[in-house]
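The structure appears below as structure tokens.
Residue numbers run from 1 in the order of the sequence given. Keep in mind that the numbers below use all heavy atoms, side chains included, and drop hydrogens, waters and symmetry copies.
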Amino acid sequence: MIGKQIRMERIINRTTGKTIIVPLDHGISVGPIDGIRNLRSTIQKVAEGGANAIVEHKGLVEDGLRGSGPDIGLIIHLSASTNLSPKPNAKTIVCSVEEAIRLGADAVSVHVNLGNGDEKQMLNDFGRISYEARSWGMPLLAMMYPRGEKITNEYDKEVIKHAARVGAEMGADIVKVSYTGSAESFREVVEGCFRPVVIAGGPKMDSDRDVLEMVKGAADAGGAGVSMGRNVFQHKNPTALVKAFSAIINEGASVDAAMEIMRAVEKGEA
């Protein structure tokens, strides 16, 4: 599987085995929100910060092509739904692995919401995509969320542990889940999932320290990094925030040290 190994090194830090992924696929779900209107500018900022990869839908690839600047991996998202739908948690497949390869993707991703009436179809789609990705030597990122009629708390440790395990057992190479709120509880998620686990950012947070504390907690628990969208691309300085993430994830920096890095970048001193 040398093809997969080569592609994996385009979306992770080959030295540390950790990754910083910035999803920019929100437009289908919620429309052209702040931070993803000027795609090239946003991609340039996160690439300069040291992000390993971005996630886009197939129609954005050309718009995000920069032609210069630091390299950054491309993950094509294969799932979609809109908030206009009466069933926004029902994700459907809108792109194939083969089409993603033709677009130059280094990896593909799928989104699965567990615990709702459409889980059966999403798992079926996941299984098919997993097979296709394995056949083509394409890394697969699985975004696993417990969201639906049977879920009372989507951040509960037990359901997130279950969601992460499903992602691994279905063949994902990287599993994305929500953070459980503490390093101690998230360690159980990581230990129960035999694939690299990255955390989602969730809704935009007001405090940089809160974001960095979450990243630090996940890193201390053995997490493999982040896959964070709005908290990055809607930040006043995405480059500074991504550099702070990298210090924590790849170098084991403290939150205070990461905050200092952010301040230095914002002042043009780093």
Side-chain angles (χ1 to χ4, degrees), residues 11-12 18-61 63-64 72-83 88-89 91 94-95 105-113 141-145 147 154-155 160 163 167 172 174-179 196-208 210-215 218-219 223-246 248-249 262:
I11 64 169
I12 64 169
K18 309 295 185 181
T19 188
I20 300 169
I21 299 169
V22 182
L24 303 170
D25 59 309
H26 300 63
I28 286 184
S29 299
V30 296
I33 58 178
D34 290 344
I36 58 171
R37 294 193 181 103
N38 186 335
L39 209 60
R40 284 191 182 95
S41 174
T42 298
I43 294 171
Q44 183 67 21
K45 291 172 183 175
V46 300
E48 288 175 352
N52 299 98
I54 55 169
V55 180
E56 294 180 325
H57 280 290
K58 59 183 179 179
L60 297 180
V61 175
D63 297 281
I72 193 166
L74 173 62
I75 303 173
I76 299 292
H77 198 37
L78 308 186
S79 306
S81 68
T82 78
N83 284 357
N89 285 329
K91 300 292 180 178
V94 295
C95 184
D106 300 304
V108 294
S109 60
V110 294
H111 181 145
V112 177
N113 289 318
L141 165 67
M143 305 179 183
M144 306 297 299
Y145 296 101
R147 292 176 180 168
E154 65 179 272
Y155 299 100
I160 291 181
I174 302 174
V175 177
K176 172 180 177 177
V177 293
S178 297
Y179 186 54
V197 180
V198 297
I199 60 165
K204 179 70 170 66
M205 300 169 74
D206 295 327
S207 165
D208 291 338
D210 286 346
V211 176
L212 295 177
E213 290 280 4
M214 180 169 66
V215 173
V226 302
S227 176
M228 200 171 293
R230 281 165 291 188
N231 279 297
V232 175
F233 66 69
Q234 290 187 335
H235 192 270
K236 61 182 179 180
N237 194 323
T239 301
L241 185 62
V242 172
K243 285 191 174 184
F245 285 176
S246 183
I248 292 172
I249 293 166
M262 285 192 65

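In this structure, the side chains of I248 and L212 come closer than 4.5 Å at one or more pairs of heavy atoms. When side chains are defined from C-beta on, L241 counts as touching M262, because their heavy atoms get closer than 4.5 Å. Side-chain contact between M228 and F233: absent, with no pair of heavy atoms (C-beta onward) separated by less than 4.5 Å. Under the 4.5 Å side-chain criterion, counting only non-hydrogen atoms from C-beta, V55 is in contact with I21. At a threshold of 4.5 Å between non-hydrogen side-chain atoms, the residues F245 and V211 count as touching. Counting heavy atoms from C-beta on, the side chains of V215 and I249 come closer than 4.5 Å. Between V61 and E56, the closest side-chain pair of non-hydrogen atoms falls below 4.5 Å. Taking 4.5 Å as the limit, some side-chain heavy atom of Q234 sits within range of a side-chain heavy atom of I33.
A distance-only check finds no donor-acceptor pair linking the side chain of T19 to the backbone of G225 [under 3.5 Å]. For S178 (side chain) and Y155 (main-chain N/O), no donor-acceptor pair under 3.5 Å exists by modelled atom type. Panel note: side chain S79, backbone H111; a donor-acceptor pair is recorded below 3.5 Å. Distance alone, capped at 3.5 Å, is enough to place a donor-acceptor pair between the H235 side chain and the N237 backbone. Side-chain N or O atoms of N113 include one that pairs as donor or acceptor with a backbone N or O of N89 at under 3.5 Å. Of the possible donor and acceptor atoms, none in the side chain of D210 sits under 3.5 Å from a partner among the backbone N and O of M205. For the pair D106 (side chain) and L74 (backbone), a donor-acceptor distance under 3.5 Å is present.
A53 approaches I75 most closely through the heavy-atom pair CB-CD1, 3.9 Å. The two residues P203 and N231 come nearest to each other via the heavy atoms O-ND2, 3.1 Å. Taking all atoms of both residues into account, the shortest heavy-atom contact from A51 to V22 is CB-CG2, 4.1 Å. When all heavy atoms are compared, the tightest approach of I36 to L39 is O-CD1, 4.0 Å. Closest heavy-atom contact between I76 and A105: CG1-CB, 3.4 Å. Heavy atoms only, all atoms of each residue included: C95 and H77 are closest at CB-O, 4.4 Å.
In this structure K176 satisfies the side chain to side chain contact (heavy atoms under 4.5 Å, CB included) test together with P23, L141, M143, Y145, V198, A200, S227, sequence neighbours excluded.
Atoms NZ and CG, on K58 and L78 in that order, are 9.5 Å from each other to the nearest 0.5 Å. Here CG of D63 is found 9.0 Å from CD1 of I43. Values are rounded to the nearest 0.5 Å.
For the 3.5 Å distance criterion, the side chains of T239 and K45 fail to qualify, holding no donor opposite an acceptor.
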| request: For side chain to side chain contact (heavy atoms under 4.5 Å, CB included), just list the numbers for I54 and L24, CA-CA rounded to whole Å, side-chain angles, deciding distance to a tenth of an Å, and then say yes or no. | output: CA-CA 7 Å; I54 55 169; L24 303 170; 4.0 Å; yes
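The side chain to side chain donor-acceptor pair (under 3.5 Å) pairs that include a residue from residues 25-37 are D34-R37, where partners are two or more places apart or lie in different chains.
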